[in-house]
Amino acid sequence: IMIKNTRKGTITDYYGFFSFVAKKNDEIVFSAVGFKPVIYKIPDTITQDRYSLIQALSPDTVLLSETVIYPWPSPEQFKNAFINIEIPDDEYRIAEKNLTRAEMKDRFENYKMDANLNYKYATEIKNSRLYYAGQLPPNNLLNPIAWSKFIEAWRNGDFKRK
């Protein structure tokens with residue numbers, strides 16, 4: 001969701017809720033993969049600081065016919081080339097070493113999150129902040145289920161020092 005001709009905008013949460021600052025007469029562009037974009041102009045007759053709207057998007061699906069790409073002239077030649085492939089011994093040994101259990105465990109424990117996971121984490125935090133913008137996030141202080149789990153853990157001795 002963007003304000004037209006600017007770099008201002010936001011993304012929605014899982015349910016499609018969003019919140020951001022815009023002015024009267026701004027044109028809001030709603031777009032999503034697989035849907036036709038919609039432009040909505042904020043009316044200049046607004047008298048309050050907040051404005052709510054429900055914007056439905058229409059599906060925009062393009063069905064492409066199947067395309068089969070063969071790097072060999074025929075499937076039989078591909079099958080023959082695949083079966084008779086010779087993997088260089090040094091690369092095979094490197095692949096074996098990289099797939100040992102100890103190496104995989106070491107990589108799992110010592111490698112940091114990659115750019116994709118960092119982006120996903122940052123986006124989830126931003127979405128959470130936007131979802132609760134202008135209000136307090138939920139508090140489990142009065143949640144009876146959370147209290148029952150706490151009391152059960154206390155009785156089980158989960159909080160004792162070891």
Side-chain angles (χ1 to χ4, degrees), residues 1-22 28-38 55-57 59-162:
I1 299 165
M2 299 284 295
I3 298 175
K4 190 173 181 179
N5 299 327
T6 69
R7 302 183 91 194
K8 297 178 183 176
T10 187
I11 57 177
T12 68
D13 67 0
Y14 178 77
Y15 300 104
F17 291 104
F18 67 95
S19 174
F20 69 98
V21 178
I28 310 299
V29 180
F30 295 89
S31 63
V33 176
F35 293 92
K36 295 178 185 175
V38 175
Q55 181 63 59
L57 299 178
D60 186 20
T61 307
V62 176
L63 183 62
L64 302 175
S65 59
E66 179 184 13
T67 303
V68 180
I69 301 172
Y70 294 108
W72 284 268
S74 70
E76 290 77 24
Q77 287 179 340
F78 169 74
K79 182 177 179 182
N80 187 26
F82 187 78
I83 290 173
N84 296 323
I85 191 170
E86 291 185 25
I87 300 173
D89 202 29
D90 56 337
E91 292 177 8
Y92 181 74
R93 298 287 173 236
I94 292 170
E96 271 186 335
K97 178 187 170 282
N98 288 340
L99 294 174
T100 62
R101 231 181 237 287
E103 179 70 21
M104 296 298 280
K105 182 181 180 197
D106 180 56
R107 289 182 184 202
F108 176 75
E109 290 174 349
N110 296 322
Y111 277 72
K112 306 293 181 212
M113 291 194 306
D114 64 351
N116 186 26
L117 290 174
N118 280 324
Y119 172 77
K120 183 178 179 185
Y121 178 69
T123 305
E124 287 175 359
I125 289 173
K126 185 174 182 176
N127 282 343
S128 179
R129 287 182 185 153
L130 289 172
Y131 190 78
Y132 297 111
Q135 60 184 337
L136 294 174
N139 185 349
N140 278 334
L141 187 61
L142 301 176
N143 184 344
I145 296 171
W147 275 103
S148 68
K149 288 182 180 178
F150 170 75
I151 293 169
E152 183 179 329
W154 188 18
R155 285 181 182 160
N156 293 339
D158 295 346
F159 301 116
K160 289 184 179 178
R161 292 186 183 179
K162 294 177 182 176

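The model shown is predicted, which means the values in this text are computed figures rather than measured ones.
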Approximate separation, where rounding is to 0.5 Å, of [X] [atom1] and [Y] [atom2]:
| X | Y | atom1 | atom2 | value |
| --- | --- | --- | --- | --- |
| Asp13 | Leu130 | CG | CG | 9.5 Å |
| Arg129 | Asn127 | CZ | CG | 11.0 Å |
| Asn143 | Ser148 | CG | OG | 8.0 Å |
| Glu124 | Tyr119 | CD | OH | 11.0 Å |
| Phe17 | Thr10 | CZ | OG1 | 14.0 Å |
| Ile3 | Ile28 | CD1 | CD1 | 4.5 Å |

Verdict with reasoning, Glu76 to Lys79, per salt bridge (Lys or Arg N to Asp or Glu O under 4.0 Å): CA-CA 5 Å; Glu76 290 77 24; Lys79 182 177 179 182; over 6 Å; no

task: Could you label the plane-to-plane angle of the Phe150 and Phe159 rings as parallel, tilted or perpendicular, counting under 30° as parallel and over 60° as perpendicular?
output: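 Ring orientation of Phe150 relative to Phe159: tilted.
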
Are there over 12 heavy-atom neighbours, none belonging to [X], within less than 6.0 Å of that residue's [atom1]?
| X | atom1 | answer |
| --- | --- | --- |
| Trp72 | CH2 | yes |
| Phe35 | CZ | yes |
| Leu99 | CG | yes |

field: Asn139 and its side chain to side chain contact (heavy atoms under 4.5 Å, CB included) partner, picked from Leu136, Leu141, Leu142
entry: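 Only one option passes, and that is Leu141.
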
task: Would you check if the side chain of Asn156 reaches a backbone N or O of Glu152 as a donor-acceptor pair within less than 3.5 Å?
output: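 It does hold such a pair.
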
